[in-house]
Amino acid sequence: MLRALAISCLLASPLAAQEFFTLKGHGGPIMDIAVSDNGTIATASFDNAVGLWDGSTPTWLDGHEAAVIAVNFWSDTFAVSGGDDFSVRLWIDGQKTSRILGQHAAKVTDLAMWRDKELVVSASWDGTLGLWPLSRDWNKVLYPPLGQNGTQLRGHKLGVNAVAFGPDGALYSASSDGTIRQWDIDTGNSRAIVKNGFAVNKLVVDPEGAWLAYGAVDGVTRIIDLKTETQLRDLSLQRRPILAMDFDPVGKQLAVGDGEGYIMVVDTQTWRITRDFRATQSGPVWALAFSPDGQNLHAGGIEDIMYSWPVATMDEHEGMTGTTRSFLENPDTLPNGERQFKRKCSICHTLTQGSARKAGPSLYGLFGRKAGTVGDYTYSQTLNGSEIIWSAETINALFDIGPDHYIPGSKMPMQRIVKQGDRDDLIDFLRKATTAGEN
């Protein structure tokens, strides 16, 4: 029997259902949300952390070296996460440090659990599924890269975006290659049960095994009869892409989030759309999770705040109203240098002293500073001991060829500012804002 985790927040009562509430503390967008059977909430964020919530007070699980994209509960007391650092991590025994279950060759996008077989499955943009067996002896180091202790399943032609188990242990995966594959875990064989013309981002399998729902980049949610493998329904409100899905087995309702900031709720007994709620003022809905009783729907997006609405009265509440990302509503009103900062830098960096749980270090005092020297930020090995001194010349080079080429192996996301004028304006803005420490 799995040992109880000592983190107090995992054992505490969850926030009350049927009430609107928010969870604040992350330093970046909310990428995924998981809820344990006892109502404990886990949030995965672009700030490289997993948050575990006791009321509004978080316990931070820091260990990933890049954005955390997926989080799930193995039980009420064990959490698993995966992210842009290619790793799958297990959080155990009340520790704030993690054990690495395994390592992919690209970002980890989703996680599924087969508890009867003590197996964690990860989906990755390297085109594979990783199968990671768990052990009851947590003191053993049992989790090397794929091909040693883990099993790698190949079959998709492009990155895998989602993975889920059916009630009989059948494994399903969705890919940017437009297919959904069904896998036999024992043999590793698979077959395509859906060949869609659009990349498939999310999927949900009915716990009773009757249907499978999936969302694609064309903005359509499709329902497949798992016995006949024929399409039952085609639900679309002309918003794309589909980015988040979750199912409430108590109320038999399916929630779907899209790139335009809406949440659609569907009654899966009638396949009728019961709610169409504008959840964000701007930007996508990346994460959805029902409370265990189905009364509340938790959501995350471009804001660094998790929101929770009572489903029954969702339409009576406002959407995400945080001001952290409000600049996205009308960026053209900003001077160009500030606009470049907001678009390229602000999610990861602050301009004031203190890194504030951001995915990157504070930019305060940037010019003339040696790279890798902000005291309250944990750098990758690439930047530890770097000889780079930040100046107009080095910042220009960074965005001219992109961080992945200028500093190979760094945590910075792959992005460029192509136009010289835009780079010059950003540098001028940073020179003033990081000296004064002003937003």
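We number each residue from 1, following the sequence as shown. Every heavy atom of this structure was used, including side-chain atoms; hydrogens, water molecules and symmetry mates were not.
- Here the side chain of D76 pairs a donor or acceptor atom with the backbone of N38 at under 3.5 angstrom.
- Centroid-to-centroid, the aromatic rings of W60 and H26 come within less than 6.0 Å.
- Listed by first then second residue, pairs satisfying side-chain hydrogen bond (donor to acceptor under 3.5 Å, both in side chains) with a partner in residues 193-207 number zero, not counting sequence neighbours.
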Practice prompt. Please test L254 against M245 for side-chain contact (heavy atoms from CB on, under 4.5 Å), starting from the C-alpha separation and ending with a verdict.
Written response: CA-CA 7 Å; L254 176 73; M245 298 182 80; 4.0 Å; yes

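- When all heavy atoms of S346 and K358 are compared, the closest pair comes out as O-NZ, 3.4 Å.
- Nearest heavy atoms, S173 versus H156: OG-NE2, 2.7 Å.
- Using a cutoff of 4.0 Å between basic side-chain nitrogens and carboxylate oxygens, D84 and K107 are scored as salt-bridged.
- Side-chain contact of R181 with T179: a donor-acceptor pair under 3.5 Å is absent, judged by distance alone.
- A distance of 8.5 Å separates CD1 in I223 from OG1 in T268, rounded to the nearest 0.5 Å.
- The environment of D37 atom CG is sparse: at most 12 non-hydrogen atoms of other residues, nucleotides or ligands sit within 6.0 angstrom.
- For E208 and K252, the salt-bridge test passes: some basic side-chain N is under 4.0 Å from an acidic carboxylate O.
- By the 4.5 Å heavy-atom criterion applied to side chains, W74 and E118 are counted as neighbours.
- Remark: D422 does not engage R343 in a salt bridge, criterion side-chain N to carboxylate O under 4.0 Å.
- Side chains of I302 and P29 form a contact here, defined as non-hydrogen atoms less than 4.5 Å apart.
- With contacts defined as side-chain heavy-atom distances shorter than 4.5 Å, the pair Q340/I417 qualifies.
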Worksheet item: Are L237 and D276 close enough, and set up right, to give a side-chain contact (heavy atoms from CB on, under 4.5 Å), and what steps lead you there?
Response: CA-CA 9 Å; L237 293 174; D276 185 35; 3.4 Å; yes

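- Checking side-chain atoms of R416 against main-chain N and O of G402 turns up no donor-acceptor pair under 3.5 Å.
- Using cut-offs of 30° and 60° for the angle between ring planes, the F277 and W309 rings count as perpendicular.
- Rounding to the nearest 0.5 angstrom, the gap separating the OG1 atom in T151 from the CG atom in L129 is 11.0 Å.
- Using a distance-only test at 3.5 Å, with no hydrogens or angles considered, no donor-acceptor pair links the side chain of T280 to the main chain of V285.
- Atoms CD1 and CD, from I347 and E303 in turn, are 10.0 Å apart once rounded to the nearest 0.5 Å.
- No option in D376, D304, D62, N48 other than D62 meets the side chain to side chain donor-acceptor pair (under 3.5 Å) test with R357.
- Between atom CG of residue L297 and atom CD1 of residue I263 there is a gap of 5.0 Å, rounded to the nearest 0.5 Å.
- Judged by distance alone, with hydrogens and angles left aside, the side-chain atoms of R89 form no donor-acceptor pair with the main-chain N or O of A79 at under 3.5 Å.
- Between C348 atom SG and F46 atom CZ the span is 4.0 Å, to the nearest 0.5 Å.
- Remark: the backbone N or O of F290 is paired with a side-chain donor or acceptor of D246 at under 3.5 angstrom.
- Counted by atom type alone, S176 and N161 present one or more donor-acceptor pairs between their side chains at under 3.5 Å.
- A distance-only check finds no donor-acceptor pair linking the side chain of R240 to the backbone of G259 [under 3.5 Å].
- Taking OG of S45 as the start and CD1 of I305 as the end, the distance is 11.5 Å to the nearest 0.5 Å.
- Judged by distance alone, with hydrogens and angles left aside, the side-chain atoms of S291 form a donor-acceptor pair with the main-chain N or O of N296 at under 3.5 Å.
- Checked by atom type and distance alone, the side chain of H298 never pairs as donor or acceptor with a backbone atom of L288 at under 3.5 Å.
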Practice prompt. Show the numbers, then the answer: is there a side-chain contact (heavy atoms from CB on, under 4.5 Å) between I30 and Y307?
Written response: CA-CA 10 Å; I30 308 299; Y307 288 73; over 6 Å; no

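- With hydrogens and angles left out, the side-chain atoms of T274 and D267 include no donor and acceptor closer than 3.5 Å.
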Item to complete: Please assess W125 against T109 for the test side-chain contact (heavy atoms from CB on, under 4.5 Å), listing each intermediate value before the final yes or no.
Response: CA-CA 7 Å; W125 275 9; T109 55; 3.4 Å; yes

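- The 12-atom threshold is not exceeded at CD of E318, counting heavy atoms of other residues, nucleotides or ligands nearer than 6.0 Å.
- Remark: R278 CZ is packed, more than 12 non-hydrogen atoms of other residues, nucleotides or ligands lying under 6.0 Å away.
- The six-membered or imidazole ring of F247 lies near that of W211, with a centre-to-centre distance under 6.0 Å.
- Put simply, the side chain of I224 does not reach to within 4.5 Å of the side chain of Y172, judged on heavy atoms.
- Without hydrogens or angle criteria, S190 side chain to Q182 main chain gives no donor-acceptor distance under 3.5 Å.
- Under a 3.5 Å cut-off, the side chain of T350 and the backbone N or O of S362 do not form any donor-acceptor pair.
- The shortest side-chain heavy-atom distance between H317 and P310 falls under the 4.5 Å cut-off.
- Ion pair K117/D186 not flagged as a salt bridge, since none of the NZ, NE, NH1 or NH2 atoms sits closer than 4.0 Å to an Asp/Glu carboxylate oxygen.
- Using a cutoff of 4.0 Å between basic side-chain nitrogens and carboxylate oxygens, D218 and R222 are scored as salt-bridged.
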